[in-house]
Amino acid sequence: MDEVKGYLEYDGDIYKIQSVEQLQEFMNNLEEEFEEFDESYIENEDDYYNEWDDYGTSGEKYGYYNGYSDDVIDDAFDGCPEATWNVD
């Protein structure tokens, strides 16, 4: 099976694929792009900040009332720490 007739859409572009070799070349190029992206991500990992990294780490507002963080009390209990009294 050396002949393939089809189209591939990638990153907004449409590619006409007519042979197995052409498909293999396309896939190899994708692999190279992925490796370049992956390496650049590792180099810049220290510059990346995720706001969820700090979620649930503060007890300043409610003093870890019943063991719950300020974020959990604000989000799950609508800012009412007393609402945590009967949660198992």
Side-chain angles (χ1 to χ4, degrees):
M1 181 176 170
D2 292 334
E3 188 175 316
V4 177
K5 293 183 180 180
Y7 295 90
L8 289 174
E9 187 265 329
Y10 174 72
D11 202 21
D13 296 326
I14 297 176
Y15 299 89
K16 184 176 183 180
I17 305 295
Q18 296 180 325
S19 67
V20 173
E21 292 80 19
Q22 193 177 14
L23 178 61
Q24 185 63 44
E25 183 180 338
F26 179 83
M27 298 302 288
N28 288 339
N29 288 337
L30 285 180
E31 191 173 305
E32 289 172 13
E33 285 182 32
F34 175 75
E35 288 171 0
E36 289 173 14
F37 171 78
D38 194 42
E39 290 171 10
S40 68
Y41 173 76
I42 291 171
E43 292 171 5
N44 297 325
E45 190 172 354
D46 294 335
D47 297 335
Y48 178 74
Y49 174 74
N50 184 347
E51 63 184 73
W52 290 102
D53 289 344
D54 296 329
Y55 187 86
T57 60
S58 175
E60 294 176 14
K61 195 189 296 187
Y62 305 111
Y64 290 104
Y65 194 87
N66 283 342
Y68 293 98
S69 71
D70 295 341
D71 291 325
V72 172
I73 291 172
D74 286 339
D75 293 342
F77 301 103
D78 293 326
C80 181
E82 293 83 15
T84 65
W85 73 274
N86 196 25
V87 177
D88 291 330

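Keep in mind the model is a prediction, meaning the values are calculated, not measured.
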### Message
For the backbone of Lys16 and the side chain of Gln22, can you confirm whether one donor and one acceptor N or O come within less than 3.5 Å of each other?
### Response
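Yes; at least one donor-acceptor contact below 3.5 Å.
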
### Message
Does either side chain, that of Glu25 or that of Asn29, offer a donor lying less than 3.5 Å from an acceptor on the other one?
### Response
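There is no such pair between these side chains.
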
Review item, side-chain donor-acceptor pairs of residues 80-87, under 3.5 Å, at least two apart:
from  : atom 1 : to    : atom 2 : distance (Å)
Thr84 : OG1    : Asn66 : ND2    : 2.8
Thr84 : OG1    : Pro81 : O      : 2.7

### Query
side-chain hydrogen bond (donor to acceptor under 3.5 Å, both in side chains) between Asp70 and Tyr64: does it pass, once the steps are laid out?
CA-CA 7 Å; Asp70 295 341; Tyr64 290 104; over 6 Å; no

Interatomic spacing from [atom1] in [X] to [atom2] in [Y] - rounded to 0.5 Å:
X	Y	atom1	atom2	answer
Tyr62	Ser69	OH	OG	10.5 Å
Leu8	Met27	CG	CE	8.0 Å
Phe26	Tyr15	CZ	OH	5.5 Å
Lys61	Ile73	NZ	CD1	9.0 Å

